[in-house]
Amino acid sequence: MKTIRIFDTTLRDGEQAAGGALTLEEKVEIGRQLQKLGVTVIEAGFPSTSPGDFEAVQFMSRELRDVEIAALSGFKEDQLIRTWEALQDAERPLLHTVISTSDIHIEQQLHMTRTELIDLTERTVTIARNMAPHVEFSTMDATRSDRDFVVEVLATAIKAGATIVNIPDTVGYSMPSEFGDLVSYCMDNVPGIQDVIVSVHCHDDLGHAAANSLAGVLRGVTQVECTINGVGERAGNASLEEIVMALRTRQDFYRTDTTINAPELLRTSRMVSNHMGMVVPPNKAIVGGNAFAHSSGLHQDGMLKERTTYEIMRPEDVGQGGSKIVLGKFSGRHAVRNHLDAMGAEIDNEDTFEEIFQSFKRIADRKKEVTDRDIEAILEDRAHRAFHQTYELDLVQVSCGNTGIPTATVRLKADDGKVLEDAALGDGPVHAVYQAINRIVDVPNILTEFSVYSVTEGIDALGGVTIKIESRGRSFSGHGSDTDIIVASAEAYMNALNRLLDALGNKEEVKAETATV
Ligand code: KIV
Ligand code: ZN
């Protein structure tokens with residue numbers, strides 16, 4: 001059976017999703033998880049666009065073994081050199097470069113002729129191949145290009161040394177059969193294409209990204225580019241979990257498989273969702289909260305008689321509904337440590353373990369059972385705090401109800417040791433808490449997104465809150481979880497504010513600059 005290479009671009013194209021920017025620590029944590037998931041390639045970033053991306057690509061190139069690390073570059077020589085600098089220490093580096101082939105891009109964006117573009121392709125791939133052993137070349141906007149011109153450009157790239165050629169549906173324009181035909185046309189007409197890896201990269205503007213990618217597989221490509229949860233530019237990229245599980249569940253049809261360790265899918269999905277501040281809809285295939293929930297009487301009846309009546313995959317095969325109850329308030333350090341090991345959590349030192357253990361104890365005091373999901377939430381909250389904490393939430397108290405005005409009291413500890421306290425009224429309890437925090441922190445920002453979800457089941461469930469705030473044209477996500485949804489909301493806000501202060505400078509600078517805008 002043929003193995004399809006899964007080229008994950010969550011950390012590059014995925015991060016290009018509006019508001020989805022990640023910190024270095026978050027990128028590295030997702031990178032490690034992608035490796036556990038078993039992807040063939042991790043596209044770690046676009047190093048020439050920012051020092052942060054350079055650092056992330058270099059860090060992952062040095063740290064992650066047994067996986068190919070790719071980085072995207074523009075076609076200019078200095079961009080290619082800078083990208084290679086970030087990548088060169090990888091065990092298996094892949095230098096990815098891209099040039100548009102559609103007339104609309106060539107004329108309106110690049111202001112070139114087709115002849116100039118062929119020369120540029122040859123020059124770009126030659127420079128890249130002089131540095132890197134593996135070079136991927138992408139024909140951006142291939143699906144709105146003259147297909148004979150795509151053939152000519154791909155042939156040029158292969159002749160100049162590209163080892164992978166990629167056919168993107170950059171704007172999600174193609175229909176599955178049409179996209180399959182384009183792939184076949186290239187397969188049949190590009191000289192030398194049988195000697196290189198052929199890849200597809202589809203966007204989801206019309207909801208066809210996964211279907212188009214799979215059409216490519218049917219026409220013989222051996223690499224698919226995709227992202228966890230389908231995150232990415234505009235409507236996003238093809239969703240990794242959908243492609244992988246389609247290939248696995250319908251092996252009778254596709255006759256291919258991947259190297260993906262599917263039980264890690266849900267964990268990876270949650271990590272990406274939390275770090276990017278993008279909630280996964282409950283009805284999302286494979287990783288959505290309802291993907292294996294049966295609610296109608298007829299379906300439940302069928303399920304009770306025989307699971308396969310209404311399920312085409314087993315939830316545990318994608319990491320849904322794994323081990324549930326394990327720990328409680330009487331569990332000690334030993335049990336928690338063993339459990340963390342079994343979950344594959346990497347705890348680097350005793351202080352870190354102690355902090356995790358104390359968070360565990362706080363939850364265990366308020367919940368009958370502490371599940372894997374609760375522990376994952378603790379670990380995710382920690383990862384969200386992997387930057388300077390200007391303030392720490394010390395106390396939040398709310399009075400609300402169907403009569404009277406919601407009132408909140410908040411106490412914060414500042415990094416200089418000061419304890420700051422204030423109170424405020426609001427339209428609701430969360431609003432009152434945010435107003436009280438604003439009175440203390442006093443950094444202008446706008447709340448642009450707020451969503452609440454249940455991390456675990458039951459009346460004592462841990463609630464998660466994901467928010468986004470904007471300040472000076474930049475967006476910052478925040479996340480918090482607690483059995484009390486008001487506390488989780490306060491944690492999420494503090495998380496976003498600390499991230500804002502860490503990224504934009506100290507509080508006084510942010511206030512002064514905002515005042516002058
Ligand atoms: O969508 C696109 O065309 C891309 C390329 C860089 C592959 O992201
Ligand atoms: Zn893309």
Side-chain angles (χ1 to χ4, degrees), residues 5-18 20 39-50 53 57 68-76 79-80 83 86-87 94-106 108-110 117 120-121 124-125 128 132 134-145 147 149-150 153-154 157 162-174 179 182-183 186 196-210 212-213 216 221 223-240 243 276:
R5 292 162 52 90
I6 294 296
F7 178 117
D8 180 278
T9 181
T10 307
L11 298 175
R12 198 278 299 169
D13 220 348
E15 205 203 4
Q16 287 174 215
V39 304
T40 317
V41 184
I42 297 174
E43 187 164 50
F46 200 166
S48 61
T49 57
S50 79
D53 248 34
V57 171
E68 292 175 43
I69 305 289
L72 182 65
S73 171
F75 52 73
K76 294 192 180 132
Q79 295 172 324
L80 290 157
T83 309
L87 259 186
L94 173 57
L95 180 50
H96 179 191
T97 185
V98 56
I99 302 181
S100 293
T101 48
S102 64
D103 286 337
I104 185 163
H105 281 209
I106 299 175
Q108 307 298 326
Q109 194 178 13
L110 299 172
L117 199 115
L120 180 64
T121 302
T124 304
V125 177
H134 296 290
V135 169
E136 170 167 327
F137 180 79
S138 291
T139 47
M140 185 179 269
D141 207 16
T143 51
R144 292 193 301 165
S145 307
R147 60 187 192 169
F149 187 59
V150 175
V153 175
L154 290 178
T163 50
I164 302 179
V165 288
N166 183 30
I167 305 170
D169 184 19
T170 303
V171 289
Y173 179 69
S174 210
F179 188 67
L182 173 64
V183 169
C186 295
V196 299
I197 293 167
V198 184
S199 177
V200 287
H201 174 116
C202 299
H203 280 265
D204 210 28
D205 300 66
L206 292 173
H208 291 139
N212 284 347
S213 308
V221 308
Q223 177 172 290
V224 174
E225 306 195 358
C226 43
T227 61
I228 299 293
N229 300 338
V231 292
E233 284 271 359
R234 306 180 310 281
N237 288 60
S239 154
L240 181 147
I243 289 164
M276 286 195 158

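Values below: all heavy atoms of this structure, side chains included; hydrogens, waters and symmetry mates excluded. Whatever order the structure lists them in is the order used to number ligands and atoms, beginning at 1.
Of the polar atoms of Ser138, none of the N or O atoms is found under 3.5 Å from an N or O of ligand 1, judged by distance alone. Between Asn166 and ligand 1, not a single N/O pair is under 3.5 Å apart.
For ligand 1, the atoms lying closer than 4.0 Å to a non-hydrogen atom of Pro168 are 3 (O). Remark: ligand 1 atoms within the under-4.0 Å shell around heavy atoms of Asp13 are 8 (O). Interface of Met140 with ligand 1, defined as ligand atoms under 4.0 Å from a residue heavy atom, comprises 3 (O).
When non-hydrogen atoms are compared, ligand 1 lies under 4.0 Å from the side chain of His203 (C-beta onward) but not from its backbone. Here Asp141 has no heavy atoms under 4.0 Å from ligand 1, in either its backbone or its side chain.
Residue contacts to the Zn ion (ligand 2): Glu225 brings no N, O or S atom closer than 2.8 Å.
Of the protein's non-hydrogen atoms, His201 NE2, 3.4 Å is the one closest to atom 4 (C) of ligand 1. Ranking protein heavy atoms by distance to atom 6 (C) of ligand 1, first place goes to Arg12 NH2, 3.5 Å. Looking only at protein heavy atoms, the nearest one to atom 3 (O) of ligand 1 is Thr170 OG1, 2.6 Å.
In this model, a donor atom of one side chain and an acceptor atom of the other lie less than 3.5 Å apart for Ser199 and Gln223.
The minimum heavy-atom distance linking Val135 with Val125 is given by the pair CG1-CG1, 4.4 Å. Heavy atoms only, all atoms of each residue included: Ala142 and Ile167 are closest at CB-CG2, 3.9 Å. When all heavy atoms are compared, the tightest approach of Leu95 to Ala132 is CB-CB, 3.8 Å. Heavy-atom minimum distance, Ser145 versus Val150: CB-CG2, 3.5 Å. Counting all heavy atoms, side chain and backbone alike, Ala71 lies closest to Thr83 at CB-CG2, 3.7 Å.
Shown are Leu117, Val98, Leu80, Thr124; of these, the side chain to side chain contact (heavy atoms under 4.5 Å, CB included) with Phe75 is made only by Thr124.
The Zn ion (ligand 2) sits nearest to atom OD2 when only the N, O or S atoms of Asp13 are considered.
Angle NE2(His203) to the Zn ion (ligand 2) to NE2(His201): 100° [nearest 10 degrees].
With hydrogens and angles disregarded, a donor-acceptor distance shorter than 3.5 Å links the side chain of Thr170 to the backbone of Asp141. A donor-acceptor contact shorter than 3.5 Å is absent between the side chain of Thr40 and the backbone of Phe7.
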